[in-house]
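Atoms within each ligand, like the ligands themselves, are counted from 1 in listed order.
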Amino acid sequence: MASTAATRSLADIPTLAQLYRSAGHRHVSSSTSDFPPSAAINARVGLVRGDITKLRLDAIVNAANKSLCGGGGVDGAIHRAAGPDLLTECRQLGGCPAGEARITRGYRLPAKHVVHTVGPIYDHADPQRSERLLRSCYEESLKLADTSGVKSLAFSGISTGVYGYPSTDAAQVACETVRKYLDRDISALERVVFVTFEQKEVDAYAEMLP
Ligand code: ADP
């Protein structure tokens with residue numbers, strides 16, 4: 001069984017609205033974003049630093065590889081915590097191309113489901129293609145979670161580990177895509193959480209969400 005000692009539920013994860021309140025911010029404006037501040041969005045987006053495998057939400061998003069057979073980084077951590085039944089289900093999916101997403105059960109994880117998305121390996125020669133694929137990862141994960149009845153969803157960084165995507169650029173893509181998605185009337189997602197793990201991600205989100 002995954003350890004439950006350090007699991008965090010939705011109530012333990014601050015929303016941006018709560019973070020801004022506790023920091024004493026009245027008005028929030030981001031110079032790096034085209035989106036105007038929105039109190040409604042700030043109440044639906046959470047930000048937390050830690051291990052995504054400890055989150056007791058409807059679903060967590062895994063930065064998987066094309067085989068969906070596990071690997072290092074967050075993928076390895078998710079497979080270790082979920083146990084071998086996750087690998088069995090993933091094997092039946094027959095892989096996943098970059099930019100797409102698949103959903104499985106969470107098995108021994110506190111999260112009920114895992115959305116597996118395959119990020120791009122960052123291509124310094126073609127950053128636009130990398131960005132298109134990363135946007136697609138977030139978009140497809142949100143759509144798949146939403147249509148699967150997921151109400152609370154947490155993202156780890158996608159492609160920001162061994163796949164080499166610069167964290168600040170990735171945080172911008174993540175924030176923009178989630179904002180656009182939650183702005184749509186059809187979205188029934190109640191909470192989307194960004195999970196930071198390494199200091200570079202903490203810094204990247206601090207820049208995006210000042
Ligand atoms: P990729 O191959 O897509 O780059 P990685 O797993 O190497 O995937 O890294 C993706 C991101 O996941 C990194 O930014 C890393 O800091 C973060 N990460 C690694 N382990 C965890 C974890 N247990 N919980 C949350 N995030 C994690």
V193 and V195: CA distance, side-chain angles, deciding distance, side-chain contact (heavy atoms from CB on, under 4.5 Å) verdict: CA-CA 6 Å; V193 176; V195 182; 4.2 Å; yes
Atom 8 (O) of ligand 1 - nearest protein heavy atom and its distance: A63 CB, 3.8 Å
Check: P166 main-chain N/O paired with D169 side-chain donor or acceptor under 3.5 Å: no
N or O contact, G164 vs ligand 1, cut-off under 3.5 Å: no
Sub-3.5 Å N/O-N/O distance, V162 and ligand 1: yes
Where S136 and G99 come nearest, the two heavy atoms and their spacing: OG-O, 2.6 Å
Contacting atoms of ligand 1, where contact means under 4.0 angstrom from a heavy atom of D51: 22 (C), 23 (N), 24 (N)
Where ligand 1 meets G50 - atom numbers and elements under 4.0 angstrom, heavy-atom basis: 24 (N), 25 (C)
Whether S159 lies under 4.0 Å from ligand 1, heavy atom: yes
Option set Y122, Y163, F197, Y165, criterion heavy-atom distance to atom 26 (N) of ligand 1, minimum: F197
Expected output: side-chain K112 to main-chain R56 donor-acceptor under 3.5 Å: no
Working for salt bridge (Lys or Arg N to Asp or Glu O under 4.0 Å), residues E100 and R102: CA-CA 7 Å; E100 293 190 17; R102 304 287 185 266; 3.1 Å; yes
Short N-O contact, E131 and R135, less than 4.0 angstrom: yes
Distance-only N or O hit between ligand 1 and E198, under 3.5 Å: yes
Mutual orientation of the aromatic rings belonging to F155 and Y138 [parallel < 30°, tilted 30-60°, perpendicular > 60°]: tilted
Protein residue, atom and distance nearest to atom 6 (O) of ligand 1, heavy-atom basis: V74 N, 2.9 Å
Backbone or side-chain N or O of V195 under 3.5 Å from ligand 1 N or O: no
Salt-bridge contact E139-R184 (side-chain N to carboxylate O under 4.0 Å): yes
Winner among E201, K54, Q199 once heavy atoms are compared against atom 17 (C) of ligand 1: E201
Shortest protein heavy-atom distance from atom 24 (N) of ligand 1, along with the residue and atom involved: I52 N, 3.0 Å
Sub-4.0 Å heavy-atom contact, T53 with ligand 1: no
Over 12 foreign heavy atoms within 6.0 Å of CZ, R129: no
N or O pair under 3.5 Å between T160 and ligand 1: yes
Nearest non-hydrogen protein atom, atom 4 (O) of ligand 1: G161 N, 2.8 Å
Full working for salt bridge (Lys or Arg N to Asp or Glu O under 4.0 Å) between K143 and E140: CA-CA 5 Å; K143 269 199 245 167; E140 293 302 311; 3.2 Å; yes
Residue and atom name of the nearest protein heavy atom (relative to atom 11 (C) of ligand 1), distance in Å to one decimal: G157 O, 3.3 Å
Interfacing atoms of ligand 1 (cut-off 4.0 Å, heavy-atom, G73): 6 (O)
Flag if over 12 foreign heavy atoms under 6.0 Å of NZ, K151: yes
